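In what follows, every heavy atom counts, from backbone to side chain, and hydrogens, waters and symmetry copies are set aside. Treat the numbers as computed from the prediction; the structure is a model and nothing was measured.
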Amino acid sequence: MMNQVTNNILMIKPVGFRFNEQTASNNYCQHVLENLTPEQVQENALREFNDFVDVLSKAGVCVIVFEDTITPDTPDSIFPNNWVSFHSDGRVGVYPMFAENRRGERRTDIFECLADAYGFIIEEVVDYTNLENGNVFLEGTGSMVLDRQNKICYAAISERTNKVAVEQFCKDFKYSAACFTANQDVDGERLPMYHTNVMMSVGELFAVVCLDSMDDANERSLVEESLQSAGKEIIEITEDQMNRFAGNMLQVKGEKSCVVMSTSAYQSLSEAQIKSVEKHGTILHSSLDTIEACGGGSARCMMAEVFLPKK
């Protein structure tokens, strides 16, 4: 059986982080911080990034940090899990991105360094980026929450998560697709969640999920049944907790099992929810307030899991 969690996490240190106007059209979690200059936003984001890396490293997680580059202009490079995924069979997925200024985040030099400096084996790069020519998008493990053990791909269909692209990934990587619609309240309207990993997270023996975001009762039941059949304890969160990124958590392997989230997410949880999560690992949390507000993403988005085999 495939491993669901890894000790190896790839992260990108930001150099020009800011509110990205190109993603704001369908990422309703983004907010302009009008009281901060662009320089202060980057300074805050870098401090939050470094503190987060320290929290992970002290817990025994192997964090592989790559520096962002000044050019091209990539304000969201801090979220690498949207453009790349690394798999235990030595394959790498590279994905089509909705925002044009996010496409420059894709870097083959990172693959070369993972092989040469860290000893990872890359057998093949499966490149889906040509789908951008038809305005078809699939933003990595933001779009797809993978149950690697049971080969199930959970995907909330949206402008950034095309169902045909999900099915192509599932065919190529031998997953079963569990597609559905997840919504959030935006100024009195129900609008699609931009990424699946904001409303759900799947660990070894548990799943954190905002079932309330799934307005279709049949779809909700199918997802619940799928998770239960896979042996996952369902830890349900509310839409308010989802909006504070409680769904954007990730189980990782440190000196022991850990569940990683932002401080905002942690503070939104009830005592009962915290106890449920702690059954599956030590909770690690760090303040990501600037990154969450301007970027509309949180802890899980910042971590690209590396499951590649080693030489």
Testing the 3.5 Å rule here: is there a donor-acceptor pair between the side chains of Ser77 and Glu105? no
May I ask you to decide if Ala155's main-chain N or O and Thr196's side chain share a donor-acceptor pair within less than 3.5 Å? no
Please report whether the ring centroid of Tyr95 lies less than 6.0 Å from that of Tyr128. yes
Do side-chain atoms of Arg220 reach the backbone of Met214 as a donor and acceptor pair under 3.5 angstrom? yes
Backbone N/O of Leu222 and side chain of Ser226: donor-acceptor pair under 3.5 Å: no
Before accepting this row, confirm whether a basic side-chain N of the pair Glu305/Lys253 lies closer than 4.0 Å to the acidic partner's carboxylate O. no
Sequence neighbours excluded, every pair satisfying salt bridge (charged side-chain N to carboxylate O under 4.0 Å, His left out) that has a member inside residues 63-72: Lys13-Glu67
Using only heavy-atom distances, determine whether the side chains of Gln184 and Ser213 contain a donor-acceptor pair under 3.5 Å. no
Which residue pairs pass the salt bridge (charged side-chain N to carboxylate O under 4.0 Å, His left out) test with at least one member in residues 78-98, sequence neighbours excluded? Asp89-Arg91
Glu204 side chain to Gln4 backbone, donor-acceptor under 3.5 Å: no
Residue among Val252, Thr6, Val55 satisfying side-chain contact (heavy atoms from CB on, under 4.5 Å) with Val61: Val252
Under the 3.5 angstrom rule, does the side chain of Lys151 hit a backbone N or O of Phe173 as a donor-acceptor pair? yes
Counting only heavy atoms from other residues, nucleotides and ligands, does the tally under 6.0 Å from NZ of Lys171 exceed 12? no
Face-on cation placement of Lys232 at Phe206 ring, 6.0 Å and 45° thresholds: no
Residue pairs passing the salt bridge (charged side-chain N to carboxylate O under 4.0 Å, His left out) test with at least one member in residues 190-202, sequence neighbours excluded, are Asp185-Arg190, Arg190-Asp215, Arg190-Glu239
Can you see which heavy atom on Gly295 is nearest to which on Phe79, and at what distance? O-CE1, 3.7 Å
Please tell me whether Gln273 and Ser270 have a donor and an acceptor in their side chains that are separated by less than 3.5 angstrom. yes
